[in-house]
Amino acid sequence: MKIAVLPGDGIGPEIIAQAKRVLDVLRQDGLPIEMEEAPLGGAGYDAYGVPYPEFTQKLCREADAVLLGAVGGPAYDKLDRPLRPERGLLAIRKDLNLFANLRPAILYPELANASTLKPEVVSGLDIMIVRELTGDIYFGQPRGIAVNELGEREAFNTMRYSESEIRRIAHVAFGIAMKRNKKLCSVDKANVLETTEFWKEIMIDVAKEYPQVELSHMYVDNAAMQLVRNPKQFDVMVTGNIFGDILSDEASMLTGSIGMLPSASLDQNNKGLYEPSHGSAPDIAGKNLANPLATILSAAMMLRYTFNQEAAAVRVEDAVKKVLAQGYRTADIFEAGCEKVTCSGMGDAVVAAL
Ligand SMILES: NC(=O)c1ccc[n+]([C@@H]2O[C@H](COP(=O)([O-])OP(=O)(O)OC[C@H]3O[C@@H](n4cnc5c(N)ncnc54)[C@H](O)[C@@H]3O)[C@@H](O)[C@H]2O)c1
Ligand SMILES: CC(C)[C@H](C(=O)O)[C@@H](O)C(=O)O
Ligand SMILES: [Mg+2]
């Protein structure tokens, strides 16, 4: 089980350290886990002058899975666009063909009060957001900032999806729906954008191969509203790269904190990159305050999706449930009556629970 570990920037190294401790426990208990580290994002720029260095690329290509912290930070925001940390993240997703991004928003019962929504709105929540990750306006050409024919500067990006790109993510989403409650909601803006009108057409076509799945469609603006009005109407949601980026951050707050939302980014063969859905949180970096649970839960997803180690994945998830039941809380999910712990303190608790 060869894992490339990319701590990244900001809180990345702090949260990755805790996930590594969890994997160390599993290794001591017999899983053949090998971990090797490499820099990505700002750390890549600092070490090699580029956000996705060749050294990192080679390690990730050779590994079975990649565990990533987060990238980015104010120190790098003034760099030329191709050198910025976020470009490193997009590059690795594209390079490894990680087109299927799974972002499960699950509310642990103990955190019902940590959500900013009323407990009855979110209790029992279990949504899987399937986000297409290597297409859309993120990668579409042409893009840029240029002077137009009137001599004025203008900026442009291109929303683009090919039929095969939509088909393959549709199959992933329908496959997941088949294993869950056989309900899939495809989110688009087909009333305005041709790209997503086409998306909807292909979703309807692929649905013929999954007659047991009930497919519905929703415009993205309505979906954003419904996610806070009545999130439990959703089971599996599938959408494009940009809408999925936004809706998954929104869904994270249903679970109490963005520090709770893990993710898996998979290729056709379930090789995957696993990372929390949140960013490098520069405001709390270096203070040992970050919530490491999204990263630890991402490691659990890695055990499940890439390594087929369901029992080990459940063991990690159960350990997370246990520490929450024991009342341990990082600052982002803290409530009165609980015990506030640091990032490494939460790691201690999870290791003890394991
Ligand atoms: N996958 C990634 O690597 C990724 C994702 C999103 C943003 N980013 C980058 O991160 C930087 C900061 O972006 P941002 O501020 O918009 O988003 P962010 O997710 O880093 O932070 C948003 C807010 O959530 C809090 N937060 C995030 N993760 C947390 C955790 N684990 N525990 C407790 N609190 C947490 C932060 O303190 C902040 O207040 C930017 O450079 C951005 O490009 C990277
Ligand atoms: C940092 C950024 C490139 C990234 C994205 O937009 O995909 C992030 O927001 C995410 O959700 O993983
Ligand atoms: Mg995002």
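Along the sequence shown, residues carry numbers from 1. Counting starts at 1 for both ligands and their atoms, in listed order.
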Quiz item: Could you walk me through whether K322 and E110 pass the salt bridge (charged side-chain N to carboxylate O under 4.0 Å, His left out) check?
Solution: CA-CA 10 Å; K322 185 167 177 191; E110 293 80 11; over 6 Å; no
Exercise. Examine R131 relative to Y138 and say whether NZ or CZ is less than 6.0 Å from the centre of the six-membered ring and inside a 45° cone about the ring axis.
Key: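 Cation-pi check for R131 and Y138: passes.
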Quiz item: Within 45 degrees of the axis of the six-membered ring of F234 and under 6.0 Å from its centre: does K183 put its NZ or CZ there?
Solution: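 No, a cation-pi geometry is absent between K183 and F234.
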Quiz prompt | Carboxylate-amine/guanidinium proximity below 4.0 Å for D348 and R21 | solution =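 Salt bridge present between D348 and R21.
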Quiz item: For ligand 2, which atoms sit closer than 4.0 Å to a heavy atom of R103?
Solution: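 Counting atoms of ligand 2 from 1, those under 4.0 Å from R103 are 10 (C), 11 (O), 12 (O).
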Quiz item: Should E163 and R168 be marked as a salt bridge (charged side-chain N to carboxylate O under 4.0 Å, His left out) after you check the CA-CA gap, both sets of side-chain angles, and the distance that decides it?
Solution: CA-CA 9 Å; E163 183 170 341; R168 66 180 180 177; over 6 Å; no
Do [X] and [Y] have side-chain atoms, one donor and one acceptor, less than 3.5 Å apart?
| X | Y | result |
| --- | --- | --- |
| Y48 | E54 | no |
| D267 | N97 | no |
| T306 | D64 | no |
| E214 | S216 | no |
| Q57 | D95 | yes |

Quiz item: Taking non-hydrogen atoms only, is R93 closer than 4.0 angstrom to ligand 2 via side chain, backbone, both or neither?
Solution: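 For R93, the contact with ligand 2 is made by the side chain alone.
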Quiz item: How does R87 reach ligand 2, if at all, at less than 4.0 Å between non-hydrogen atoms: by side chain, backbone, both, or neither?
Solution: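 Under 4.0 Å from ligand 2, R87 contributes no heavy atoms.
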Could you tell me the residue and atom name of the protein heavy atom closest to [atom], and the distance to it rounded to 0.1 Å?
| atom | answer |
| --- | --- |
| atom 1 (C) of ligand 2 | E86 CG, 3.7 Å |
| atom 5 (C) of ligand 2 | Y138 OH, 3.4 Å |
| atom 9 (O) of ligand 2 | D245 OD1, 3.2 Å |

Measure and list all N/O to N/O distances between ligand 1 and the protein that fall under 3.5 angstrom.
residue	atom	partner	partner atom	Å
ligand 1	1 (N)	E275	OE1	3.0
ligand 1	3 (O)	V71	N	2.9
ligand 1	10 (O)	V71	O	3.4
ligand 1	10 (O)	S280	N	3.1
ligand 1	10 (O)	S280	OG	3.2
ligand 1	19 (O)	G279	N	2.8
ligand 1	20 (O)	G279	N	3.4
ligand 1	20 (O)	S280	N	3.3
ligand 1	20 (O)	A281	N	2.8
ligand 1	28 (N)	H278	ND1	3.3
ligand 1	31 (N)	H278	NE2	3.1
ligand 1	31 (N)	N291	O	3.0
ligand 1	32 (N)	N291	N	2.9
ligand 1	37 (O)	D283	OD1	2.8
ligand 1	37 (O)	D283	OD2	3.0
ligand 1	39 (O)	D283	OD2	2.9
ligand 1	41 (O)	G73	N	3.2
ligand 1	41 (O)	E86	OE2	2.9
ligand 1	43 (O)	E86	OE2	2.5

Quiz item: Ignoring waters, how many protein N/O/S atoms are under 2.8 Å from the Mg ion (ligand 3)?
Solution: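 Protein N, O or S neighbours of the Mg ion (ligand 3) under 2.8 Å, waters not counted, come to 1.
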Quiz item: Among L89, N241, L68, which one has a heavy atom closest to atom 2 (C) of ligand 2?
Solution: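 Minimum heavy-atom distance to atom 2 (C) of ligand 2 goes to L89.
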Self-check item: Within-shell test, H278 vs ligand 2, heavy atom, strictly < 4.0 Å
Solution: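 The answer is no, since H278 has no heavy atom less than 4.0 Å from ligand 2.
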